[in-house]
Protein chains: 2
Amino acid sequence: MSKAHNLNRLSYFAAVVETGSFTNAAERLSVTKAVVSSQVSQLEQELQATLLVRNTRKVSTTEVGKIFYEHCASILNEAEEAFSALSQLTENPIGTLRVTAPNDYGKAIVTPLVAAFRRNYPDCQVELYLGDNHSDLMAGNLDLAIRVGWLRDSGLLARKLGVFKQLLVGPADKFALLSHIKHPNDLVGIDFIANTAISDPLQWQFKTTGNKRISVKLKSNLSINSAPAIKEAVKNGAGLAILPDYLVQKDLIEGKLIQVLPDWQLPEGDISAVLPASKFRAGKVTAFIEMLRRAEKARIDS
Amino acid sequence: MSKAHNLNRLSYFAAVVETGSFTNAAERLSVTKAVVSSQVSQLEQELQATLLVRNTRKVSTTEVGKIFYEHCASILNEAEEAFSALSQLTENPIGTLRVTAPNDYGKAIVTPLVAAFRRNYPDCQVELYLGDNHSDLMAGNLDLAIRVGWLRDSGLLARKLGVFKQLLVGPADKFALLSHIKHPNDLVGIDFIANTAISDPLQWQFKTTGNKRISVKLKSNLSINSAPAIKEAVKNGAGLAILPDYLVQKDLIEGKLIQVLPDWQLPEGDISAVLPASKFRAGKVTAFIEMLRRAEKARIDS
DNA sequence: AATGATTGTAAGCTTTTAGCATACAGCTTG
DNA sequence: CAAGCTGTATGCTAAAAGCTTACAATCATT
C-alpha cells in the first residue's frame, strides 16, 4: 500500500513559486535553502514530475507545476483558515453549555446569568440542571458544575468564583422585638428554624469586627430541609433563621425581612466552579465562568 | 516565530472522526493506535482545543471538532485531487512541446507527425525548430532534439528511435543505362553528385548480404550541400547520388527515381532523440517520443 | 579573461519526530 | 469475576527534518 502523501512539503514548493527562488523561500520559511531544495526534490520524486525548472539565477514553474501550485495554494489557504477558525472560537464560542448548580443558588443567581450569557453569545445554547444532588462530572455529560458551600473532595479541580455570606434574619413585622437582640447570647429563648439540609444546623459561631468570637448552640422547635421554605416560614413569623445572602438579599431590600445581629458575622461559604478533567477549556466554558465571576464580584460590591 | 502547522496530523484526526474510533482509524491508516492517539493529542495541543471526547468505547466529536473536521475533509480531498491530477497528466499531457530536428528529416517525417500529435493531444502545443545547426539543449528552451546521423558526443543522453538507410539513386528515365550497373566498381565513369553537407561525401563502403565489402572512391563533377537539391538534380539527370531513404522513399514508390545496386548496402544511420538532463520526463515528451518511435517502426516495415 | 558573488544541490552529521512494542487504566460484556 | 476491548503512557528504534559545509555552475564586475 502506498505511503500517505506528505502534505508538509506543499508549503516548501508553494513558497518557491511565490518568492521566485529557493533562497527567498528558505528565508520566508526560516529554514536553510538546502532544506527547501531537498523537500521540493522529494515532492517531485513522489509525483514523478518536474515542478520547477532551475535556470541560472531564476526558477520557473513548469506547466504541470503551475497546475499543482494552484491546488497547493488552495490547500494551504484553507489550512490557515482552519487553524485560525479554531482560535476565533475562543472569542466567539459555539455549542451547548451544560451546567449544574444547586437549586437555591441556581434559581437566584444562575438563571438570570444564563439569560445574559445567551444574549452575549447567541451561537451558544445552555442546558441548566438544578438540583442538590452532586451530579457526576465523570459521566461526561456536563461542562461545569457550580458548587456552593464547602467542597468535600479537595481533589476535584475547583475554581473559586466568589463567596456568600450567611445572615440571621427575622420577619419585618417583629422589628420592635428583634431590635432588642444585641448579642448572640440574647438568642436564647428565641424561636429558631433549623435548616436540616446542612450539617449541624444549630451550632453557630458568631464573630465581631474586633475578632471576638462566640459559639452558640441554638434550640429549635421547627426544622425544614429547604432553605426557600425556611425563608417563607420566617416571613410568616415562625422564627429566626440563618440563610445565605444570595437567597434573602432581595427580601431584605424590599423590607420583608430584617437582619438580626448585623454587627456579628457568620462563617462564609465558597462559590466554586468544578470542571471535568480536560486539557483544554472550550470557549463556551471559559466565557460563562468569567461572566459568573463578574456577577459574583458585582453582587458582593453592592 | 510560531512553527508551521503540521498538516499531516489532519489525516489522523479525520480518520478518527470518519471511523468512529482510534482503533479503526489506526487500521485504516496502517499504523498502531498509539500513533493515532499521539498525533491527535498533539493536534489538540497545537490548537489548544479539545476536538474529540473519549468516552468509553465511543469517541465523539466536539462542536469545535466538527468545525475543524469540515476544514480537514476539504483539505484532504483537495490534496488527493492535487496528487491524482498530476498522475492524470501523464495520460493527458499539457503544455508546449519544443522540438528541434534537422531540416530534411523534419520536413519529411517530423512535420506530419506533429500534426498527428496535436490531434492526439489537443491540450498540447508544439514549437518545431528545423535546422541543421545543433541546437543547444543546455539552454533549457527545448524539450527534445532529434538527431539524424551519427552522434558526435556519446555523452549526451540519447535514445535511439530508429535507423535510416542510405540509397544510391538515379533518374527513372535512365533505367536502361543504370540496369547495367551491377557492382560498385561499375560506378567508375558514371556522373555522381556529391553531398558536401556531410563529411567525406565521395568515399563509400558497399556491403552485400554475404558480408562482402567494397570501398569505392567516387568522382564527382557536381557537388551540392543540400540533400533535397541533390534529389532534384538526380531527377533531372545530373547524375547519381546517395541519399537517405526517408528523403527518396516517396519518389521511389512514385517511380520518379530508381535505386541503383539494390543488392549492395550502404552504412545505416541512427535516428535518435536527445533529451536535456532531467529526472522526470514530462508527459508531452514521453508521448511524442512514443509516436515517433511508432512512426519509424511503421516506415521501416513498409 | 579572471575573479568574486550568488544560487541550488550534495553529503555528512545532529536533532527532532514518527512509529512500534509493551504495559496499564478503565469500562463493557459474558 | 474474568476476559476482552479501547485509548493512553512510556521507552526505544528508525526515519525524517534540518543544519553545516562544500561544491558546481552561472552571472556580474573589474
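The sequence lines fix the lettering, A, B, ..., with proteins before strands; numbering per chain opens at 1.
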Out of D:dG7, D:dC19, D:dA17, which has the shortest distance to the side chain of B:Thr23?
->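 Of the candidates, D:dG7 comes closest.
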Between D:dA9, D:dT20, D:dG7, which nucleotide has the shortest distance from any of its atoms to the side chain of B:Ala34?
-> D:dA9
Residue mapping more 5' on DNA chain D - nearest nucleotide basis, B:Ser21 or A:Thr32 =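 Residue closer to the 5' terminus by nearest nucleotide: B:Ser21.
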Ignoring backbone atoms, test whether A:Tyr12 places a side-chain nitrogen or oxygen under 4.0 Å from the OP1 or OP2 oxygen of D:dG18.
->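 Indeed, a polar side-chain atom of A:Tyr12 lies that close.
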Is the phosphate of D:dT8, meaning OP1 or OP2, less than 4.0 Å from a side-chain N or O of B:Arg54?
->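 For B:Arg54, the contact criterion (side-chain N or O under 4.0 Å from OP1 or OP2 of D:dT8) is met.
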Would you call B:Glu27 and B:Lys33 a salt bridge, taking side-chain N to carboxylate O under 4.0 Å as the test?
->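 Between B:Lys33 and B:Glu27 there is no salt bridge, as every charged N stays at least 4.0 Å from the carboxylate O atoms.
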For the side chain of [X] and the backbone of [Y], is there at least one donor-acceptor N/O pair under 3.5 Å apart?
{"X": "B:Ser41", "Y": "B:Ser37", "result": "yes"}
{"X": "B:Thr19", "Y": "B:Ala25", "result": "yes"}
{"X": "A:Asp143", "Y": "A:Arg98", "result": "yes"}
{"X": "B:Arg54", "Y": "B:Leu52", "result": "yes"}
{"X": "A:Ser74", "Y": "A:Glu70", "result": "no"}
{"X": "B:Thr111", "Y": "B:Gly106", "result": "yes"}

Specify the separation, in whole Å, of atom [atom1] of [X] and atom [atom2] of [N].
{"X": "B:Lys33", "N": "D:dT10", "atom1": "NZ", "atom2": "C1'", "value": "15 Å"}
{"X": "A:Asn8", "N": "D:dA17", "atom1": "CG", "atom2": "P", "value": "8 Å"}
{"X": "A:Asn6", "N": "D:dA17", "atom1": "CG", "atom2": "P", "value": "6 Å"}

Leading and trailing nucleotides of DNA chain C with any atom under 4.0 Å from heavy atoms of chain B | C:dT17 to C:dT28
Near-strand residues of residues 37-48 of chain B, defined as heavy-atom separation under 4.0 angstrom from DNA chain D | B:Ser37
Could you check whether B:Val36 gets within reach of a base, just the sugar-phosphate, or nothing at all, counting any heavy atom under 4.0 Å?
-> nothing
Between A:Asn92 and A:Gln88, do the side chains contain an N or O donor and an N or O acceptor separated by less than 3.5 Å?
-> yes
Which word best sums up how the rings of B:Phe13 and B:Phe68 line up, parallel for under 30°, tilted for 30 to 60°, or perpendicular for over 60°?
-> tilted
